[in-house]
Amino acid sequence: MAYTEEELKKELETKEYEYGFYTDIESDTLPVGLNEDIVVAISKKKDEPSWMTEWRLEAFKVWKKMEEPEWANVTYQKPDFQAISYYSAPNSKPKYNSLDEVDPELLDTFKKLGISLDEQKKLAGVAVDIVMDSVSVATTFKKTLAEKGIIFCSISEAIKEHPELVKKYIGSVVPQKDNFYAALNSAVFSDGSFCYIPKGVRCPMELSTYFRINQAGTGQFERTLVIADKGSYVSYLEGCTAPSRDENQLHAAVVELIALDDAEIKYSTVQNWFPGDKDGKGGVFNFVTKRGICEKNAKISWTQVETGSAVTWKYPSCILKGDNSIGEFYSIAVTNNYQQADTGTKMVHLGKNTRSTIISKGISAGKSQNSYRGLVQVNSRAKNARNFSQCDSLLMGNECGAHTFPYIEAKNKTAQIEHEATTSKIGEDQIFYCNQRGIETEKAIALIVNGFSKEVLNKLPMEFAVEAQKLLEISLEGSVG
Amino acid sequence: MLKINNLHAGIDDNEILNGINLEVNAGEVHAIMGPNGSGKSTLAAVIAGKEEYEITEGSVVLDGEDLEDQAPEERAHKGIFLSFQYPVEIPGVSVTNFIRTAINETRKAKGLEDMPANQMLKLIREKAELLDIDRKFLSRSLNEGFSGGEKKRNEIFQLAMLEPKLAILDETDSGLDIDALRIVANGVNKLKSKDNAVIVITHYQRLLDYIVPDFVHVLHEGKIVKSGDKELAHELEDKGYDWIKNGATV
Ligand SMILES: Nc1ncnc2c1ncn2[C@@H]1O[C@H](COP(=O)(O)OP(=O)(O)O)[C@@H](O)[C@H]1O
Ligand SMILES: [Mg+2]
């Protein structure tokens, strides 16, 4: 690393968060339940063209015939899909008049994360008295991007303004019928983001900070589409380190990445949805489908830090279609208390000389269950495909569980697949050693966990890395007796 | 500075220390010698506050304050440092990052701000030089894959960085070749002052040629059976521990 952690910290402290544009959504809510009329109504409210309405309806038809999957290593009370309202404008009206009305525990966490007061208000849904500079920042930001021909907007806007791109690529990587949650998302997706990088363009900024606020309000069925045209590069950051106490219990997002020839997409996520309380009550169910396709010489890297949600079901995947394409997956998944995570990746090698790397770090504490599930598939045409997988688990205490489910399907004899797995436990001797040097136990655990996760943390863009480190610390607070 | 009074301690009803009395004053160097299993490391751990050991009788007092209810990190903040006989590995945490955290946590406990990065770097460079430690070494994961000698040298590096009031060196000489031994001993000697004290735990008198003790104590079956000046170490070397063992049973 070219910079020191000290410098990073400084930078973060002095960095002011800029606010991106905010999509206006009407504030009315549709009745609960799901049927064709509702799907049509959603599309209509969003003023979508008819092809989009049709596409949603197709998805709905498929979804109706599907069953909720049960193969993951998680147990939960299945949501009643007819008891959910599929269209509401989240957070568009302030929930509170001042910060005094917000849960102090939540505010405490904000403070620990070093989130500014204004931003705390936004995240907690408090009315903001000063109009922040959001409009002008968004304008400058959009102008810089527009000069390079980069399109970065909400998916609703893209459907209207760039129908040719959306039509061509939506569902091309995650088809409507892909799985139960993807089908549901296709039918009812509320909003999300769209990004197009033209040929040969290197996106000059991380598409990130600007979305930080918007993220808190995008609702439960988010849809993201990122297209990197030939020879282009983009780094996209999704999520928010602040704990999002959404009342929506079910989140089913779909993310599709398209990396055309020689393009590179770096997609980083920090997920910190409400994990439920110490007794396992409440918490978000996070069922996400994320997949990218790589054309010739293209590269997609997924980096994720998952600390939130009661139940997580998530497998960011790469289809390595083009020859010489590269797929990477770097993941840290933390579970504490009663959280359950079943996460991993799929690397599908179709092209020749395709390479993939999987580094998964699972940290389990409390009574949680943490599973890695990964599939490496090498098709018959994929000569000289290579994969390296490493899955490390760190356990804290005796009541949690770590599980590894690696699946390998190789149909080409030239494939080289390596899999390494380790399980370790934070030992009393390690803690005592740190204590003896003046480091208290919670800090010692944070240090050990950060060390364990380092390979993945290093893959994150720097400001995210520092936030993610703090987040790991907070997520594991109180996990040692 | 340190006063140990009739200390009895053990684990699960198993008494390991059987009434230790020891007084260490500022400016002194004490050596504790004794055969394997005599309780040297246990004594060090009990002074440092390792919770798995239970004190059944007696006390450990630092600057007039009974340490009984103090957590190991609080004792560290008060200036107790233990150079471990078997230092533990912390994968992914560099030597630099670890010592930086230790220093800043200690400062925090004293109500001080973090040490500025440039000052920290300067200090690290200075102490690394003192102990002939390579730059590359500082970015390696703490104790992971270190040779025995590297581990011990790293302990003394941390000692030099933290500048404790009371340093306890538990078999720091084991695993060190003669050159490394000289460097490490030299480092310890440079850090010595009239305000701090050192307890050197060792099997052999070899280290004591370099770190010269004011007092030598012989530990046997959890008890100090003999105390003297540095000549005692030589005598032990000549006669072997059997001399003590037999003496103790008389
Ligand atoms: N954690 C422990 N559990 C059980 N027995 C222990 C433990 N620590 C030390 N002992 C026992 O106490 C005695 C003294 O050990 P130790 O202090 O390591 O001796 P020394 O350092 O002098 O070689 C030994 O018999 C050892 O087996
Ligand atoms: Mg010992």
Side-chain angles (χ1 to χ4, degrees), chain A residues 1-14 330 332 359 361 363 390 392-394 420 422-459 465-466 469-470 472-473 480-481, chain B residues 44-45 47-53 70-84 86-94 96-110 114-121 139 141-144 151 155 158-159 161-162 164 168 170:
Chain A
M1 280 198 297
Y3 46 86
T4 67
E5 279 166 63
E6 213 49 52
E7 284 165 338
L8 272 181
K9 255 196 198 139
K10 274 274 148 52
E11 199 175 300
L12 194 79
E13 274 162 20
T14 53
Y330 302 102
I332 301 169
I359 310 279
K361 305 274 180 178
I363 300 155
Q390 187 183 323
D392 299 324
S393 308
L394 187 66
E420 286 175 11
T422 67
T423 301
S424 51
K425 222 174 142 171
I426 295 189
E428 273 171 30
D429 285 347
Q430 277 177 318
I431 304 267
F432 178 64
Y433 187 86
C434 294
N435 289 161
Q436 208 300 306
R437 297 299 187 254
I439 303 166
E440 51 153 18
T441 301
E442 298 239 322
K443 185 83 193 172
I445 287 166
L447 195 70
I448 295 165
V449 165
N450 272 322
F452 173 78
S453 317
K454 195 170 154 195
E455 285 159 280
V456 177
L457 288 173
N458 280 350
K459 295 288 170 187
V466 175
Q469 265 182 31
K470 283 198 224 164
L472 291 181
E473 223 164 288
V480 173
Chain B
I47 297 171
K50 191 165 191 182
E51 271 142 24
E52 76 184 286
Y53 298 105
Q70 302 207 5
E73 63 271 23
E74 292 174 289
R75 301 182 193 209
H77 298 152
K78 296 207 161 101
I80 292 180
F81 179 95
L82 171 58
S83 167
F84 284 75
Y86 304 109
V88 303
E89 293 179 7
I90 306 187
V93 176
S94 68
T96 303
N97 190 16
F98 183 76
I99 194 63
R100 185 184 63 107
T101 308
I103 285 187
N104 284 336
E105 287 298 296
T106 302
R107 288 173 68 98
K108 195 163 87 188
K110 292 177 180 158
D114 278 4
M115 186 183 278
N118 53 351
Q119 200 181 324
M120 180 80 71
L121 282 176
S139 53
S141 280
L142 193 77
N143 291 319
E144 203 183 22
K151 283 184 184 169
E155 293 292 289
Q158 295 182 30
L159 167 86
M161 290 291 292
L162 288 161
I168 306 166
D170 193 357

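The chains referred to below are lettered A, B, ... by the order of the sequence lines, with proteins before strands, and numbering in each begins at 1.
- Residues forming a side-chain contact (heavy atoms from CB on, under 4.5 Å) with B:Glu51 (at least two apart in sequence, or on another chain): B:Pro72.
- In this structure, B:Phe98 CZ and B:Ile90 CD1 are separated by 5.0 Å, a value rounded to the nearest 0.5 Å.
- When the options B:Glu155, B:Lys151, B:Gln158 are evaluated for a side chain to side chain contact (heavy atoms under 4.5 Å, CB included) with B:Ser83, the one that passes is B:Glu155.
- For the set B:Ile103, B:Leu82, B:Thr96, B:Leu142, the entry with the most heavy-atom pairs within less than 4.5 Å of chain A is B:Leu82.
- The most heavy-atom pairs under 4.5 Å with chain B, out of A:Leu447, A:Asn450, A:Ile426, come from A:Leu447.
- Comment: B:Lys108 engages B:Glu105 in a salt bridge, judged by a side-chain N to carboxylate O separation of less than 4.0 angstrom.
- Chain B forms more heavy-atom pairs under 4.5 Å with one residue of A:Gln436, A:Glu440, A:Glu455, A:Arg437 than with any other, namely A:Arg437.
- For a residue to count as touching a neighbouring chain, one of its non-hydrogen atoms must lie under 4.5 Å from one of that chain's; by this rule B:Asn143 touches chain A with the side chain only.
- Using a 4.5 Å heavy-atom threshold, the side chains of A:Ile448 and B:Val93 count as separate.
- Both the backbone and the side chain of A:Tyr433 have a heavy atom closer than 4.5 Å to some heavy atom of chain B.
- Only the backbone of B:Glu89 comes within contact range of chain A, with at least one heavy atom under 4.5 Å from a heavy atom of that chain.
- Looking at B:Pro164, neither its backbone nor its side chain comes within 4.5 Å of chain A, counting heavy atoms on both sides.
- Under the side chain to side chain donor-acceptor pair (under 3.5 Å) test applied with B:Gln70, the options B:Lys78, B:Arg75, B:His77 reduce to a single match, B:Lys78.
- B:Ala109 does not touch chain A: none of its heavy atoms, backbone or side chain, sits under 4.5 Å away.
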